[in-house]
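Numbers here simply count residues along the sequence, with the first being 1. The model shown is predicted, which means the values in this text are computed figures rather than measured ones.
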Amino acid sequence: MNIDQLFPPTMTSNVNQPKKQLGQDDFMKLLVAQMKNQDPGNPSDNGEFLAQIAQFSMVNGIDKLGTSFEGIAGGLSASQAMQAASLVGRQVLTDSNVVAYDAATPVNGRLAVPEFASGLNIQVRDPAGALVKTIDSAGFKAGIHAFQWDGTNERGETQAAGDYVITATALVEGEQQAVPLQLYNTVESVFTGDKSVELQLAGQRRVNLSQISQYR
């Protein structure tokens, strides 16, 4: 006996009605109805019932696995939010060439000098784009190097607070190329979403928690 015999179709149109997916309860009702309405003279094979029960167990297991994954994801999200909250007021290192200078704390960063590079030039520019200072990079060979801007110009005068841009360039194989760098910025607040945790940095910039290389 097939499903059409158990649940004959009706003439009512369901064009505008959403399709309902079969759940665990529906599957069990179908199985029980099939057992009750089978032909006594030609009963269904036991193997067929066992296969249907196995399918039911599989569906039930998948549902439970999905619920478990949701619980794990929720736990990880909560853990990330707590971790991010502990960073408020601290400085984090991210891929950026913009730093919010507070007119008091030196700016620190890190850059990766490529192989066979020469003439490394690290410049600090003010919000208007004017050159403020060239940072000494003598002795920087290929590899990772830390650098610092003390917040002064070439004459040793302390600069006003604001967003400053720091760039690095070098001559590589005869071509002037930008050298990627990272800067420390202070975390002001934390934003949590359904799938991510973001940090609000000084200077009105947001970064994902996963983008942080270091913190201090």
Side-chain angles (χ1 to χ4, degrees), residues 73 75-154 158-216:
L76 290 175
S77 179
S79 176
Q80 286 185 333
M82 293 183 63
Q83 179 183 1
S86 69
L87 296 176
V88 174
R90 305 179 71 172
Q91 289 192 325
V92 295
L93 185 67
T94 59
D95 294 332
S96 176
N97 64 343
V98 179
V99 63
Y101 175 58
D102 62 4
T105 308
V107 173
N108 291 276
R110 189 175 68 176
L111 54 77
V113 181
E115 293 282 349
F116 311 112
S118 61
L120 179 65
N121 186 25
I122 307 174
Q123 295 184 341
V124 181
R125 295 184 179 274
D126 64 18
L131 179 62
V132 174
K133 191 171 187 177
T134 299
I135 299 175
D136 182 20
S137 59
F140 282 17
K141 299 180 181 180
I144 306 297
H145 297 275
F147 65 89
Q148 184 182 80
W149 174 48
D150 61 4
T152 64
N153 59 16
E154 299 291 3
T158 300
Q159 300 301 287
D163 290 342
Y164 288 78
V165 177
I166 301 180
T167 58
T169 58
L171 194 64
V172 182
E173 297 182 352
E175 294 184 1
Q176 197 74 15
Q177 296 183 7
V179 177
L181 55 80
Q182 296 179 311
L183 296 174
Y184 279 99
N185 276 284
T186 302
V187 179
E188 294 184 337
S189 58
V190 175
F191 292 88
T192 59
D194 293 336
K195 298 181 180 180
S196 65
V197 177
E198 293 184 325
L199 305 178
Q200 177 77 49
L201 304 182
Q204 303 300 315
R205 294 186 302 109
R206 286 191 188 185
V207 296
N208 192 282
L209 182 63
S210 62
Q211 295 176 275
I212 296 174
S213 299
Q214 292 181 359
Y215 64 88
R216 60 182 186 179

Please name the pair of heavy atoms, one in [X] and one in [Y], separated by the smallest distance, quoted to 0.1 Å.
X	Y	result
A103	A161	CB-N, 3.8 Å
P106	D150	CB-CA, 4.3 Å
L199	A84	CD2-CB, 3.7 Å
L120	A168	CD1-CB, 4.5 Å
A112	V179	O-CG1, 3.1 Å

In Å, rounded to the nearest 0.5 Å, how long is the span from [atom1] of [X] to [atom2] of [Y]?
X	Y	atom1	atom2	result
N185	Q200	CG	CD	11.0 Å
T94	L209	OG1	CG	12.0 Å
I212	Q83	CD1	CD	7.5 Å
L201	E188	CG	CD	8.0 Å
N97	T167	CG	OG1	7.0 Å
L111	H145	CG	NE2	7.5 Å

Option among V132, L131, D163 that satisfies the side chain to side chain contact (heavy atoms under 4.5 Å, CB included) test with D126: V132
Checking [X] side chain against [Y] main chain: does a donor-acceptor pair fall under 3.5 Å?
X	Y	answer
S137	I122	no
D95	Q211	no
R206	F191	no

Mutual orientation of the aromatic rings belonging to W149 and Y101 [parallel < 30°, tilted 30-60°, perpendicular > 60°]: tilted
T152 vs K133, side-chain contact (heavy atoms from CB on, under 4.5 Å): CA-CA, chis, key distance, verdict: CA-CA 7 Å; T152 64; K133 191 171 187 177; 3.0 Å; yes
Over 12 non-hydrogen atoms of neighbours within 6.0 angstrom of CZ in F116: no
Residue Q176 excluded, over 12 heavy atoms near CD under 6.0 Å: yes
Close side-chain approach of Q159 and N153, heavy atoms under 4.5 Å: yes
Side chains of V98 and L183 in contact at under 4.5 Å (non-hydrogen atoms): no
Between E198 and N208, a side-chain donor and acceptor under 3.5 Å: no
No-hydrogen, no-angle side-chain donor-acceptor test under 3.5 Å, R125 and Q123: yes
Residue pair V107, Y164: steps toward the side-chain contact (heavy atoms from CB on, under 4.5 Å) verdict: CA-CA 10 Å; V107 173; Y164 288 78; over 6 Å; no
Verdict with reasoning, Q182 to Q214, per side-chain contact (heavy atoms from CB on, under 4.5 Å): CA-CA 10 Å; Q182 296 179 311; Q214 292 181 359; over 6 Å; no
Residue list, ring pair (Phe, Tyr, Trp, His ring centres under 6.0 Å) with F147, at least two apart or on another chain: none
Residue pair T134, E154: steps toward the side-chain contact (heavy atoms from CB on, under 4.5 Å) verdict: CA-CA 8 Å; T134 299; E154 299 291 3; 3.8 Å; yes
